Amino acid sequence: MAEGALTWGRRLLMCPPEHFGVLYEINPWMHQEVAVDLDRARAQWDQLVAALTAAGAEVEVMGAQPGLPDLVFTANAGLVNGRRFVPSRFRHPQRQGEVPHFRAWFEAHGYDVVELPEGVSHEGAGDALPFGRAILSGYRFRSDAAAHTALSDLLAVPVRPIELADPRYYHLDLTFCPLDGRRALVAPEAWDTYGRRVVEALVPEPFALQPEETAAFCANSVVVGTNVVMPTCPPRVGRQLEAWGFAVAEVDVGEFQKAGGACRCLTLALDVDLP
Amino acid sequence: MNATERVEVRGHIVDSLILAKVLDIILEAGGDYRIVEFDVGRTSTDPSRAIIEVEAPDAATLDAIVDELAVHGANRAHQHDASTAAAEVDGVLPEGFYSTTNLPTQVRLNGRWVDVENPEMDCALVLRPDGRVRTEPMHRVKAGDPVVVGREGVRAQPLSRPRGANPFEFMASEVSSEKPKDLLVAQVADRLRAAKATGGKVLAVCGPAVVHTGASPHVARLVRNGWVDVLFAGNGFATHDIESHVLGTSLGVALSGQAPAEGGHANHLRVINEVRRAGSIAAAVESGWLTAGTMYECVTHGVPFVLGGSLRDDGPLPDVYTDVVEAADAMRALLPGVTVALMLASTLHAIATGNLLPAGVETYCVDINQAVVTKLADRGSHQALGIVTDVGLFLHTLADHLLPASPDG
C-alpha cells in the first residue's frame, strides 16, 4: 500500500437502480426527454459493484424505493464520521423523501444519527469530502455555507467551505477527488478564487483536470487504496495516476451520467474516521 | 446617510478564507467594515467567530451586502422576529415601515421564516390573520393592518446567478447591441416555449413603436396562436394598432409605402372617436367595425389587457384606465402566473411593469434605444435582459420562430 493511502473508502453503501430515472430536472445534466435504459443502468451498476469489489472494497446494499429515482446516489445520503451519521437536508423537495430511508438504514446499522439544524441545506458526501484531517465542503448550489459550522460541531472535524462557481458542477464531488494523503484530482475552474486558494494550501500535490476532463466526470471517481474506479480515464489523467502508483479501472456509468452523477455519486464511504 | 448592520460569521473562517472573502465582498460592494469581536480558535479544530459591523452609504446597498453575505454563511448577528406596527390611517404606512424589494423575501414570525407572497418592490409587508405575509402597495393598506417595521426579522434572498447554465448567460444583464440577433431571437423563442411547457404565462408590454415599425400583425399572430397570455400597453399602442387595421395608417402615415395619408394627422382621433361611440374596444369588435389587429385578437381570444393612461392621451379610448392607481392594481391582478415578460419598445409601461414584477420573472427588454434597458435595470429590475434592435424585425423573426408553418403570417 502506498504511503499515506486513504484510510477510508473500503466499505461503501450503494443502492441498486430499480427505480432510477430522470423524472425531474434539478441540475443542468438532467433532461426529462432523455430516456434512461433501466436494463443498461442495472448492468452498469452491477459492473461498478464488481469493479469496486475487485479493487478491495466491501459493498453494503440498501433497498431501492419506488418514487425516489435518485436514491441510487447514496453519496448524498449524509456524512459519516466514525459511528456518527449526519443525514442530508436536501435543497430540492424532489429528493427530500430520501432522508427517512437513509436514516432508517443507518439507525438499523447502529450509527448514532445526529441532525443538522433546520433551515440549512447540506447534501452529504456529495458536497463534502475528507482530505487530511479536514473536510472540504462545497456550497452555493445544493449546500448552504451556514451548514458548515453545525457540521463541524456534529462531526468534530474542521470544515473548509469551497464556493462552487459553475452550476454544472453542483456538488463538490464532481470537482474534487482525494487520492491519498497528498494528492487529489481537482477542477479549479469550478471554484471561486478563495476556494482555489484553500485547496492549493491544503493539497500538496493536486492534479488539475482540464475542462473537458472535468465535464467527463473524471473527478467523480472512487478510490479504494491504490485503485481508482473511474467513469472515464483520459490518457493524460491515466498517465499521471499510473506514475503515482494507482491502478485504474474504467466503468461505464453513462446511464447515471444522464442524471448528473457517476461512480462516486453512487457510493457512500461508511468507514470515514477522521482523527 | 450611512447604514450599518452587524453580521456574525462562525466556523473555520480563517483557514477557509471565508473571513477574507466576507470582508472583500463588503469592500467590493462599496461598503466598509469594522470587526467588533473576534474569537480565534486556539487549535486547528476550534471554530472561530467574528462579529463584523458592516457600513454602507445607504440602506439599499447595505441590504444587498447583507443578503450576499448570507450566501457565504455570515448572518445578521441577532435574529429576532419581525416587528409590526398598526397602520393608523387607510393608505398610510406606520413610521419605519419596511420597504420591499422585488426579491423573494421571508419574514421571521414566532421563530419561523415565512415566505412573503407576491414579491414587488417599493411596497409594505402586511401580516394576515391566518399567518401569511402579503406584499401590499401603500394605497391598499387599511387602518389597523399590522405592517412590518424595521429590517429586523426580514430577509431578502438574492437571486442565484448561476454561471453558464442559462443560454442567456453570455449576455447576462447587459445590453447587447453587438450580438447576432437571430440567435438571440431563437433563444427568446426557446424561453417562451419552456415557459409555456411548464404552465407559465407570457406577458407582452407593447409601445407604439410596435405599430410604427409594422410589427402589430406579428403581435396579433402571437396572440392569436396563444403565445401571449396578458397584454399591457397604453392608449397610444391600442389606438395605433386599431388605426393601422381600420385605416391602414399609423399616426396618419400609411404603413404600406410610408406616405403620409391625406388628412391623416387626425386619423388616430377618428379611430378613438369611433371606439368611444361603440363604448369599448370589445364593442367595436362586436359591431364588426374592428376586424383585425392585436387588440382585435385579444378581444376575440379572451387575452386580458390593461391599457394604462397618461396625461398626453388623446381621447382616450374608453378601455384606458385614467386613474393610474387603478391601472397599476389592474396590472397587478393579471401578474400571478406570469413567468416571462417581453417589454417591446415601451419605455414608460416597461418601467411601470418592471416595478410590479417579482425579480424571478424572466424579462426581455427589446428596444432600439439602449437607454430604455439601462433605465429599467436602474430602477431595480436587474433581471431584465436587453436586446437592442428594431422591434419590428424582432417580432417578425420571433413570430416566424414560434409559428414557422403559420399560413396567415
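Just so you know, these numbers come straight off a predicted model, no measurement behind them. Throughout, protein chains are lettered first and strands after them, A, B, ... in sequence-line order, and every chain is numbered starting at 1. Heavy-atom basis, side chains included; hydrogens, waters and symmetry copies ignored.
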*Asks:* Got a sec, which residues hit ring pair (Phe, Tyr, Trp, His ring centres under 6.0 Å) with A:Tyr169, two or more places apart in sequence or on another chain?
*Replies:* none

*Asks:* Look up atom CZ in B:Arg10 and atom NE2 in A:His148, then write down how far apart they are to the nearest 0.5 Å.
*Replies:* 13.5 Å

*Asks:* Against chain B, work out which of A:Thr149, A:Thr193, A:Leu136 has the most heavy-atom pairs shorter than 4.5 Å and name it.
*Replies:* A:Thr149

*Asks:* Of all heavy-atom pairs between A:Val198 and B:Asp15, which one has the smallest distance, and what is that distance?
*Replies:* CG2-O, 3.8 Å

*Asks:* Sort A:Tyr194 into side chain, backbone, both or neither according to what part of it lies under 4.5 angstrom from a heavy atom of chain B.
*Replies:* both

*Asks:* Could you pull out the closest heavy-atom pair between A:Pro161 and B:Ile18, with the gap in Å?
*Replies:* CG-CG1, 3.7 Å

*Asks:* Does atom CD (A:Glu118) have a neighbourhood of more than 12 heavy atoms from anything else shown, all under 6.0 Å?
*Replies:* no

*Asks:* For A:Val159 and B:His12, which heavy atoms make the closest approach, and how far apart are they?
*Replies:* N-CD2, 3.1 Å

